[in-house]
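Not measured: the values here are computed from a predicted model. A note on names: the letters A, B, ... follow the listed sequences, proteins ahead of strands, and every chain is numbered from 1.
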Amino acid sequence: MVPLLCLWLVTLNEKTASLPVPMRNSASDDNINMAAPVALHLEFGGGAELLFDGVKEHHVTLPDQLDPWDMKQLLVWIKENLLKERPELFVQGDTVRPGILVLINDADWELMGELQYELQDKDNIVFISTLHGG
Amino acid sequence: MCQVDEEYNVHLENKVTPSVSKKCVKCKENTAVLIIRAGDAFCSCCFKEYFIHKFRAMLGKNRVIFPGEKVLLAVSGGPASSSMLSQVQEGLSRDAPKKLRFVPGIIYVDEGGVSGQSMEERKRAVSQLESVFRATDYPYYIVQLEQVFSLPSSVLDVGSSATKNPQNGSSYKAAVDQFIQTSQNQHPDLSVKNALSQLSSLSMHEAQTGGSSPIPPGQTEALQRLFASVRTLTAKQDLLQTLRHHLILHTARTERYSKVMMGDSCSRLAVKLLSNISLGRGASLAADTGFSDSRYGDVVIVRPMRDYSSKEIAYYNRMFDIASVFIPSLDTKAQDKASIQRLTESFVTKLQTDFPSTVSTIYRTSEKLHTACPPQNTNTQTSDKCLLCTCTLDTKTEFSAFQATLISEQLSQRRGPGANVRQGQCCSAEGHCGSGENGCCPSAKVPGPLDLKSMLCYSCRLTIKDMTAVDTLPQYIVSEAEQRNRRSQMREEISEFLLEEEEDEAQSF
Ligand SMILES: [Zn+2]
Ligand SMILES: [Zn+2]
C-alpha cells in the first residue's frame, strides 16, 4: 500500500495518463488514521483557482481530530482557510457548487461516496469548474 | 448514439456506497473511475475508447465534411474546444479506414480587450495557446477582437452556398471514393500532406502578419467604449458572440475554409437553447444549436462536440493530458443572476446534479428541432437576413409575439397617428423629412436607431436596445446598415413600378 502511494506521488507532478490508484482496503486503514495528521494535495482548475488567488495547487495538512476527516468537513475547512473570495461560487449548502467536478485520487467522487468519503493521508483532491468563465 | 444508450441502460444502478470499488460496465474487469450519464461507470481505458468513437460517429452520421475539405477549428482555449482539437488530431493520425480526411486549420479569437485583461496577460495566454497549436502542425490564425474595427462590410453578406458538393448520402460516398482513388494514384495521402505543408508555410506568414502584429492604437479603447455603451451583461455576451462569429467567418472566407468547427458541448448547448429562448432567439433555435448551421451560405458551422457533456470533456482532458488554457471571460466571477445566460447555466447545472438526465433531455429537444425544421434558406436575399446574426428575419411575420410587443409599445407611447411614419416614408421622401418637429432623421448619414432596428431580428433588436449609443459600433456594421438602408429606400421610391407581389415586402420596411 505505502510504496504504491509513493509511486503515485512521484507520477503526480508529471500528470501522465496513469491509471488512478485503486481504492484502499478500509479494514487496514482503521488502525492507522486515528489522530494521525492528514496531509492532502488539493488542486483547483477550470477557473475555480481564481477563487484561491489564482493558485492551482495547495499542499495542506488538516489538524488532528478524533473522528476521521471526511469530504464534507474538508469543504468547510477549505471555505474557512483557503477560499479568498466569493464562497458562494465554490460551496453551496454543504456541498460544492453544481458544475464543479470533484476527483478523489483521480476518480470521480461519485464513485467514492462523495461527502461521506473518509480522507486518507496523502490523498489527492481535485476540483474542476465546468462552468462558463470559471 | 441511441444504440449505445440501450446497451448501457441495463446497468443502471443507484449511486454506489463508499469504499465499494465498482467495476467498469463495459469491460467488467477494471475498476471504474468515472460515472457518466445516468450511472454508467467506466474505467479509463473504456472511457477513452467511448470518447474517441463518439467523435467519429458524430462526423460519420452527419456526413457534411467532405474529404480534402478545409475545416477551421475555432479553439477558445477552453476544455471543449481543446478537446475537439485533440480529437481531430487523433482522427487524422489514424490508419486508412478510420482516418478523418479533411484539412484542418485553427483560429483563436483573443477577447482579452473586453474582459479586462492587461496586454501582458493577453500575450501570455496567446503564447501558451500558440505552443499548443504549433505542436499540431496545423496552420493557425490568432485574431484579436479589436480587428472587428477593420472588417469589411462584406462580412455581413450571405455568401452563395457552395453547392459543388451536393449534400446527400450517395454523392458523399462518391466523393469519398474519388478521394481515396486519387490519393492512391499518387502517394497515399500525399495530396493532404501537400496541402498541409502549403498551409503551414502560409500560417507562418499569417502568424507574423496577423497574429503577432500590434493592435492599432485606439482600437482597444474603441472596443472598450463599445462594450461600455452596452448596459447589461446579457447584451454584452450576445454582442461578443456576434462579433466573434464575424471575425471567424471573415477568416474562414479569406483563407478559403468552407467549414468551421465549434466546440459546443451538449451541456453548453442545453444552456444556449434555454437562454436563446429567453433572449427571443426562438426563430433561429435550430440553426443556433443544431449540428450544422448554414446561415452564412458559403461557410457552414458544425458542432461535433454536441454529444459530450462538460463532465466527460473535463475528465477526458485530465486523464489524457489535453492542455487547455483558462482565459477569463466577461462572466468570470459573475453572480448567478448577472445575465440571462449565466442564470440559465446555473439553473441547468443545478437541475443536472439532482436529475442527471436534464442536460441530455434538453439537448435531445434541440436535436429534434434541427431535423424537423428545414435548414435556413440560404437563397433569401441579404436584406431578409438580420444585419447582426444573419438569421432569417423573424420580424416580418404578421402574427408574431414581436408584432404584439410592437403594437403595445406604440400604444403605450401614445404618439400621434403620424408616429408610424417614422419607420420609413419620412426619410425616403427625397431627404426632406421635417427634422424640425419630430427629429425623425437625427443625421443624414448615420442611420438612426430605428433604421438599424428594422434590419435586425427580434433578439438583436433587444441587444441594440440595451446600448446607450449605437455610434460605437464597428464601421463595417454601420456602413452595411447604411447600404441596406439606401437599397430599401430606393426600392420604396420605385415601389409603384414594381410588380404586385413585391408590394407586400416594401410596406413592411
Ligand atoms: Zn472498462
Ligand atoms: Zn439577429
Subject >> Heavy-atom closest pair, residues A:Trp109 and B:Tyr315 >> reply: N-OH, 4.2 Å
**OP:** Determine the minimum heavy-atom distance between A:Leu50 and B:Thr332, stating which atoms define it.
**Re:** CD1-CG2, 3.3 Å
Subject >> Whether over 12 other heavy atoms sit under 6.0 Å from B:Glu121 CD >> reply: yes
**OP:** Answer with side chain, backbone, both or neither: which region of B:Gln335 has an atom nearer than 4.5 Å to a non-hydrogen atom of chain A?
**Re:** both
Subject >> Distance, nearest 0.5 Å, that separates NZ of B:Lys311 from OG1 of A:Thr130 >> reply: 10.0 Å
Original post:
How far does CD1 of B:Ile35 sit from CE of A:Met112, to the nearest 0.5 angstrom?
Top reply: 11.5 Å
Original post:
Is the shortest distance from a Lys or Arg side-chain nitrogen in A:Arg97 or B:Asp336 to a carboxylate oxygen in the other one below 4.0 Å?
Top reply: yes
Subject >> Reported CD1-to-OG1 distance for the pair A:Ile100 and B:Thr353, which is rounded to 0.5 angstrom >> reply: 11.5 Å
Original post:
Which region of B:Ala334, side chain (C-beta onward) or backbone (N, CA, C, O), has a non-hydrogen atom less than 4.5 Å from a non-hydrogen atom of chain A, or is it both or neither?
Top reply: backbone
Subject >> Contact origin within A:Leu131 toward chain B - heavy atom pairs under 4.5 Å >> reply: both
**OP:** Tell me, for A:Ile128 versus chain B, whether the close heavy atoms (under 4.5 Å) come from the side chain, the backbone, both or neither.
**Re:** side chain
Subject >> Partner chain B: residue of A:Glu85, A:Gln92, A:Glu49, A:Glu88 with the largest heavy-atom pair count (under 4.5 Å) >> reply: A:Glu85
**OP:** Please tell me if the side chains of B:Ser329 and A:His132 come closer than 4.5 Å, counting only heavy atoms from C-beta onward.
**Re:** yes
Subject >> Check: A:Leu101 and B:Arg318 side chains under 4.5 Å, non-hydrogen atoms >> reply: no
**OP:** For chain A, find which of B:Lys48, B:Lys333, B:Lys350 contributes the most heavy-atom pairs closer than 4.5 angstrom.
**Re:** B:Lys333
